[in-house]
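I have a structure I would like to understand better, so I am pasting it below and will then ask my questions one at a time.
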Amino acid sequence: MNDKRLDRLALVSKVWPWLFLGALLVFFEVWARISAHRSFIFNAYNLQSIGLAASAPLLLAIGQTFVIVTAGIDLSVGFVMGLAAVCVAQFTIPGGGSPWVLVLSIPLTILVCLIPGFVNGVLIARLGVPAFIGTLGMYGVARGAGFLAAGSGMTVAVDNAGLAWLGQGWTPVVLTAVLLAFMHFVLSQTKFGQYTYAIGGNPQSAVRAGINVRRHLFAIYLIAAAFAAIGGIVYTARFAAGAANAGEPMLLDSIAAVVIGGASLFGGTGTVIGTLIGSLIIAVIEFGLVFIDVNAFWQFIVVGVVIIVSVLIDQYKDRLGGAQ
Amino acid sequence: MSDAGAMPVLEARDISIRFGGVEALKRVSLHLMPGEVLALAGDNGAGKSTLIKILSGVYHADAGELCFDGRAMQLRDPQDARAQGIETIYQDLALADNLDVGSNIFLGREPTRRKLGFQVIDRPRMAQVAREVLERLDIVIPSRKLGGPVKMLSGGQRQAIAIGRAIYWNARVLIMDEPTAALGVPEQRKVMALIGSLKAQGVAVMLISHNLHDIFAVSDRIVVLRRGEVAGERQVPHTNGDEIVRLMVGDTWANGAR
Amino acid sequence: MLRIVLGRLMALSTIALAALGALPGVAHADAAHPVVALLPGVTDPFYFTMYHGAERAAKEEHVQLLFQVPKAWNTTEQVPILKALIAKHPDVLLVSPVDKQQMIAPLKEAADAGIKVITVDTFIGDGHYQTGKGDADFPLSYIASDNLEGGRVAARALAKAIGDKGTVYCEDNKPGISSTDARVQGFMDEMKKHPNIKVLETQYNEDDANRAAAHVAAVLARNPDLAGVFGANTFSGSGAAQGVKTAGKQGKVKVVVFDAVPGIDEKISSGLVDIAIAQRPYDMGYYAVKAAVDAIHGKKIPAYRSTGFVVLDKSNIDMPEMKVYIYSN
């Protein structure tokens, strides 16, 4: 295979998530125009709905990206999100509806939810437990903690003007976008990001290079927990109630978004922007299928196929790279 | 041959270390002159890896001392060794496969610049240094592969990058563990040529190798270890493969310049 | 080379999309082609039976019926589908909200967009609509079984079955769902009138039959004299029945289940389940669509419509006129 063709294929495999997202949008737009005489894309409500649907799993996926780049995985993010949703509700209620209580309740929630991240860090960075197993433990603990914190109901209703503002309209989408931009910067431009990739590629070489791998991995799992907490807070803001099982469907979505975005589960590759595209692809498929009146269960199949294709392309990318 | 005066750049005196009940090294002494290539030969288990781990700060000897440029040296950890100018290239190269050439050269010591009030990695500088280092070593890597992960490069090129990393950081001593073990013949020759050019630049090289051919192609002196002790030391022009093998295996016990 | 091709592709698609943008767009469903959307709570024969009833009414009234089902009984599953349906702008939305508190804001969006909202089976707020009070006031109607009464019916049936004395408890999905909350409430209220019956704490299984079965085993372990279990919804009931069977207590522990799922006739005949309180989801779907059409034509519809129950037990389960009340896909 000559160089030019290699180059072309390498380029396609690098940008394929973008191409696919574009193709999806075109597909739904055309179908919507023809069958329902309305636009899919040029509609603020649709865009907002897709943005909102994408923002919750995306917040989890941002943290998950960092974890997966280090060749780890965090299975606890879904239930940490639920724990956060419940906690922020419980901490905000005593404030009696005043938005100022959020100055206390939101940081406190994030702090409490850093505990699972801390435990994950100890297990994985310090004690060398494989990430899958370590975070599986916190999956259960956070789940139980969330339900306990919710008391006898599984949701805790809260009525707070500040939270309501945070959860309405475009606000959650904007918040997610800002956080995303910042974390993209961190992963791609800073030493912290560079070391994240190094640890994922070759932990031994990172150690030899003088990088404090243990401390770094600790930080990674704290980041994952923090973003899960933010996801939970946004949930409670949107629905005026914190549900302990809020994040349950989100765990696999977060991993899928990262994988579709081009990261390898073996670590060393992946970008925050890729994760963004991955989660947009999933959100567009889910919204679009309902919009064109296809049974929503097809979305399982479609997303599954997209994951398989991403993984295959990822393998292929490797082989392209290895050829000389 | 050394040409920088009589002071060895690195010297080990009576180094001993034991692991549990096993005495891995027993009163091992050797020295290394600037611009010299010293081969460390010996059968499996002779203590070669242990010795270089002591020289690079990974292990601490139980007895004996190390000197650098004639001054006593304490190595607490590998970072200390690197700070002194002793760079070690292990068999696995310790390269991050998913990062590019520049990132690997600078891993752990990245240059930064200010951007929007943040410290960001200065990638253009890293890329430029990568080009310079490769040029200095006379390695050709097509530019489209230069920005990509080092995984895409051949074994010899990766070895070259590991060496390039060492000399960029002004290594005075370069310790290499089986540099050609995983390479094909043409690449072995290239690496040997690289070592030759390092020698010309005044870097002292210590080489562990099983490959007698390589040893004789590039080394000035050979120290043979057998069961944790120095079995013999020979100048390359005055010895041959058979003698070295006999020293490794135990037929000859002789210390001396011949 | 590839970059040029990609560039051209991008330019072409931009032009194409812009051209599409110029096409006359937006056409709401108009009065000649009314559209009604049905969004139940989760996949369940109950809701599919409701769908069949709705389908029949839709055919009779010549309306287009959209139907989408959430994957799980969870706000995060129902809301995105709701939003996608809102984007299609049906005339009326028939919905079974999965949480009486959390779904208020999302459904308000639908109402604000001009879509009429009718809730079936579950409600938001307190279920009393169009009173002028509260923020969950906007739906036009609530069509469902009177779940409070259903709970009372179940309690009476269970009390009778256990000889009006003994220990019982409720197996429920999760709190916050209007329908099951009301059933449990009705059950508890009615049992207060039976002084010789002791009611233990309700167990929540999150719609997981396995968990319900495990709960029964645990409660039996701690109260070996347990006389009866009330399964407040489909999976609670089937799980409880399985748990009783596994413990070998079939017949000794009476099982009353809400909802007549497919196979309930065998379960009653075999004694696995003693009594089933069948709702009438077919009627719910049917009347909901009829009410929707009335609303589209500007007629006033009642704010509440109850669809009644049928009590199924060994005495009547084999009769063909009773079999129609069993839910089906």
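Letters go in sequence order (proteins before strands), and every chain restarts at 1.
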Below 4.5 Å from any heavy atom of chain A, which atoms of B:L99 appear? Answer side chain, backbone, both or neither.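 Contact with chain A involves the side chain of B:L99 alone.
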
Please report the interatomic distance CD1(A:I124) to CG(A:L217), rounded to the nearest 0.5 Å. 8.0 Å

Of the backbone (N, CA, C, O) and the side chain (C-beta and beyond), which part of A:F192 lies under 4.5 Å from a heavy atom of chain B, both, or neither? neither

Inter-residue atom distance B:L75.CG - B:L66.CG, 0.5 Å rounding: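 Rounded to the nearest 0.5 Å, the CG-CG separation comes out at 6.0 Å.
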
Which residues from residues 162-176 of chain B are near chain A, with near meaning under 4.5 Å between non-hydrogen atoms? none

Rounded distance [0.5 Å steps], CG in A:L75 versus OG1 in A:T135: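 With rounding to 0.5 Å, CG (A:L75) is 3.5 Å from OG1 (A:T135).
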
Answer with side chain, backbone, both or neither: which region of A:Y195 has an atom nearer than 4.5 Å to a non-hydrogen atom of chain B?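 The side chain, not the backbone.
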
Contacting region of B:T112 [heavy-atom separation from chain A under 4.5 Å]: side chain

Kindly check if the number of other-residue, nucleotide or ligand heavy atoms within 6.0 Å of CZ (B:R18) is above 12? yes

Does any heavy atom of chain A fall under 4.5 Å from the side chain of B:Q119, the backbone, both, or neither of them? backbone

Nearest 0.5 Å, what's the CZ-CG distance between A:F227 and A:L58?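 Rounded to the nearest 0.5 Å, the CZ-CG separation comes out at 9.5 Å.
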
Does A:R208 make a cation-pi contact with B:Y90 (under 6.0 Å, within 45 degrees of the axis)? yes

To the closest 0.5 Å, what do you measure between CD (B:Q188) and OG1 (B:T180)? 4.5 Å

Can you tell me if B:N98 uses its side chain to pair, donor with acceptor, with the backbone of A:Y197 under 3.5 Å? yes

